[in-house]
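Just so you know, ligand 1 is whichever comes first in the structure, and atom 1 is the first atom listed for that ligand.
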Amino acid sequence: MFKTLDDIGSGKRVLVRLDLNSPVEDGIVKDNRRFARHARTVRELVEAGHRVVVMAHQGRPGRDSFVSLDQHADLLAEYVEHPIEFVDDVYGDRAIDAIRSLDAGEVLMLENVRMCDDELPEKPPEDHADSEFVRTLAPEFDCYVDDAYSVAHRSHASIVGFPLVLPAYAGRVMAAEYEANSSIANRAFDGPVTMVLGGAKATDVIDVMSALDDEIDHYLLGGIVGELFLRAAGYDVGFDVGDGELYDHQWENNEERIRELLAERGDRITLPLDLAYETDADERAELLVDDVEKSRPLLDVGSLTVERYADIVEDSAAVFVKGALGVFEDERFADGTVGLLETIATTDCFSVIGGGDTSRAIELYGLDEDYFSHVSIAGGAYVRALTGQSLPGVDALAQTDC
Ligand SMILES: Nc1ncnc2c1ncn2[C@@H]1O[C@H](COP(=O)(O)OP(=O)(O)O)[C@@H](O)[C@H]1O
Ligand SMILES: O=C(OP(=O)(O)O)[C@H](O)COP(=O)(O)O
């Protein structure tokens, strides 16, 4: 499908696109598995004696998470166990000087590519290849490596522009994610296929369900999304409480589609039987969905639900996870998400865990990644790939004929 790092040779000037987009709290970039994963690609490039220039993004203009990549350079350097120089420029004179000063085996990280006006417009590869950004930077390199699978759903200049003008290769993350996340519709499994769908984004989940029909035998729902489906099924669940704004606007936007899905596929959709909440004494307590009152915030699925879902997972040949079953960041409400991940880990099924937040639960609760077939570091790209949609970044890499 693609050329990989094995095909590059040695001693080249390599421009490598990573996805180090991370949570940012109070201006501090939070460490996460994207650094560890991409470090492998960078380390291999260093060991092959290339001059390595890293290109990446953080946040979007206007958001608090839109910050410089200087912290990313330090974090990545720890994982690569090799110094990484940082230059606060993308393709101006300072960047070009720094690139030309590199020696073999040295690594330089450029500033956040989304600080360039040319980066973000969604345009065809040909237009991006003709941008000032790509035309200025490309001649400084012998080849381009794309490791940023989790941005492959964006037709941005740093993703689709360079493969048109430089020999292009897939990095290790790109190749592994591509392999594991291909369309469910094109795969054959020897038994039932189950999707665990939770988290906070109803539209993402509904899009997945709409795109996949006969391929999926069981949908196990949880999180905010599960509660919205319970609301459609007539329970007093899935309503905003107090100042919260998690449910009602999503309900307004998605009510019709949720009702249609329940009507069409109710036999394959399993909803939570019980839910967990926080007591006045700040403890976890559970109640059956029949007993829930509208005024209570619900923060996890209950233990009966986990047992029911575990039975279905144990009988499945393949399980795909997108979205958490509860607010796992709070240990009291992690039982649903972690309990189900533990069942998947101990079951001999093909398993893929995706979604930026959900895969963080694996790290947070010390689950061993090796027990899953694949833990994706992608969210939007993962969902698009599973539902058979094309990814501009993957297409650009595959079509390169340089
Ligand atoms: N009942 C709930 N109430 C509030 N937040 C929830 C609930 N269940 C799950 N969440 C939150 O959903 C987030 C994950 O949602 P989402 O961003 O859709 O998933 P991902 O990034 O894995 O695709 C988690 O951070 C979790 O805290
Ligand atoms: O983190 C990312 O996507 P994700 O939240 O879908 O995993 C990518 O870096 C893409 O970022 P974007 O959604 O701002 O284009």
Side-chain angles (χ1 to χ4, degrees), residues 17-24 32-34 38 56-63 65-66 72 112-114 119-122 147-156 158-159 173 177 181 196-208 221-231 237-241 244-247 250 272 275-278 292 296-302 305 320-338 341 353-364 375-386 391-393:
R17 176 60 157 104
L18 309 181
D19 183 5
L20 301 173
N21 194 28
S22 303
V24 177
N32 64 87
R33 64 184 351 96
R34 285 184 174 164
H38 285 301
H57 74 277
Q58 173 60 53
R60 283 180 171 250
R63 296 197 186 157
S65 58
F66 185 58
H72 301 69
N112 187 345
V113 279
R114 291 190 175 174
E119 169 67 1
L120 274 171
E122 289 274 339
D147 213 26
Y149 179 87
S150 43
V151 208
H153 55 311
R154 309 286 185 216
S155 192
H156 293 166
S158 65
I159 303 292
V173 172
E177 292 270 7
N181 301 340
V196 180
L197 297 170
K201 301 169 202 153
T203 313
D204 276 7
V205 166
I206 290 166
D207 287 348
V208 172
L221 297 197
I224 288 173
V225 180
E227 291 180 44
L228 292 172
F229 274 73
L230 283 169
R231 178 168 169 175
V237 174
F239 295 85
D240 279 330
V241 177
E245 288 184 6
L246 293 170
Y247 298 88
Q250 297 209 68
L275 295 159
Y277 63 96
E278 184 179 26
V292 175
R296 197 184 282 292
L298 297 155
L299 300 167
D300 193 11
V301 297
T305 306
F320 296 88
V321 179
K322 162 74 174 80
L325 296 186
V327 184
F328 66 84
E329 295 88 346
D330 181 333
E331 211 170 323
R332 295 168 302 166
F333 301 105
D335 294 7
T337 305
V338 176
L341 288 173
I353 317 299
D357 287 305
T358 314
S359 57
R360 209 148 49 87
I362 291 178
E363 191 168 343
L364 217 53
V375 178
S376 177
I377 54 171
Y382 166 72
V383 166
R384 282 172 179 76
L386 291 190
L391 300 174

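- On a distance-only criterion, Asp19 and ligand 2 share at least one N/O pair closer than 3.5 Å.
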As a quick check of understanding, evaluate side chain to side chain contact (heavy atoms under 4.5 Å, CB included) for Glu245 and Gln250, giving each step before the final call. CA-CA 9 Å; Glu245 288 184 6; Gln250 297 209 68; over 6 Å; no
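- Donor-acceptor pairing under 3.5 Å is recorded for the side chains of Gln58 and Asn21.
- Nearest protein heavy-atom neighbour of atom 6 (O) of ligand 2: Gly380 N, 2.7 Å.
- The side-chain heavy atoms of Asn181 and Ser376, taken from C-beta on, include a pair separated by under 4.5 Å.
- In this structure, Glu331 places its CD atom where only 12 or fewer heavy-atom neighbours from other residues, nucleotides or ligands lie under 6.0 Å away.
- When heavy-atom distances to ligand 2 are checked against a 4.0 Å cut-off, Arg114 comes that close only through its side chain, counted from C-beta outward.
- Here the side chains of Val383 and Lys322 are in contact, with some heavy-atom distance below 4.5 Å.
- With respect to the salt-bridge test (charged N to carboxylate O, under 4.0 angstrom), the residues Glu119 and Arg114 do not qualify.
- In summary, the atoms of ligand 2 found under 4.0 Å from a heavy atom of Arg154, numbered by their order in the structure, are 12 (P), 13 (O), 15 (O).
- Closest to atom 3 (O) of ligand 2 by heavy atom, among Ser65, Ser150, Gly59, is Ser150.
- Residues Ser22 and Asn32 approach most closely at OG-ND2, 2.8 Å, considering heavy atoms.
- Under a cutoff of 6.0 Å and an axis angle of 45°, Arg296 and Tyr277 form a cation-pi pair.
- At a cut-off of 3.5 Å, with distance as the only test, a side-chain donor of Arg17 or His57 sits close to an acceptor on the other residue.
- Listed by number with element, the atoms of ligand 2 under 4.0 angstrom from any heavy atom of Asn21 are 1 (O), 2 (C), 8 (C), 9 (O), 11 (O).
- When each atom of ligand 2 is checked for a heavy atom of Arg60 under 4.0 Å away, the hits are 12 (P), 14 (O), 15 (O).
- Only the side chain of Arg34 comes within 4.0 Å of ligand 2, judged by heavy-atom distances.
- Looking at Leu298, Val237, Val292 one by one, the single match for side-chain contact (heavy atoms from CB on, under 4.5 Å) with Leu230 turns out to be Val237.
- Enumerated by chain and number, the residues approaching ligand 1 to less than 4.0 Å through a heavy atom are Gly199, Ala200, Lys201, Gly223, Ile224, Glu227, Leu246, Tyr247, Leu298, Leu299, Lys322, Gly323, Ala324, Gly326, Val327, Phe328, Glu329, Gly355, Gly356, Asp357, Thr358.
- Under the 4.0 Å distance rule, the nearest protein heavy atom to atom 9 (O) of ligand 2 falls inside the cut-off.
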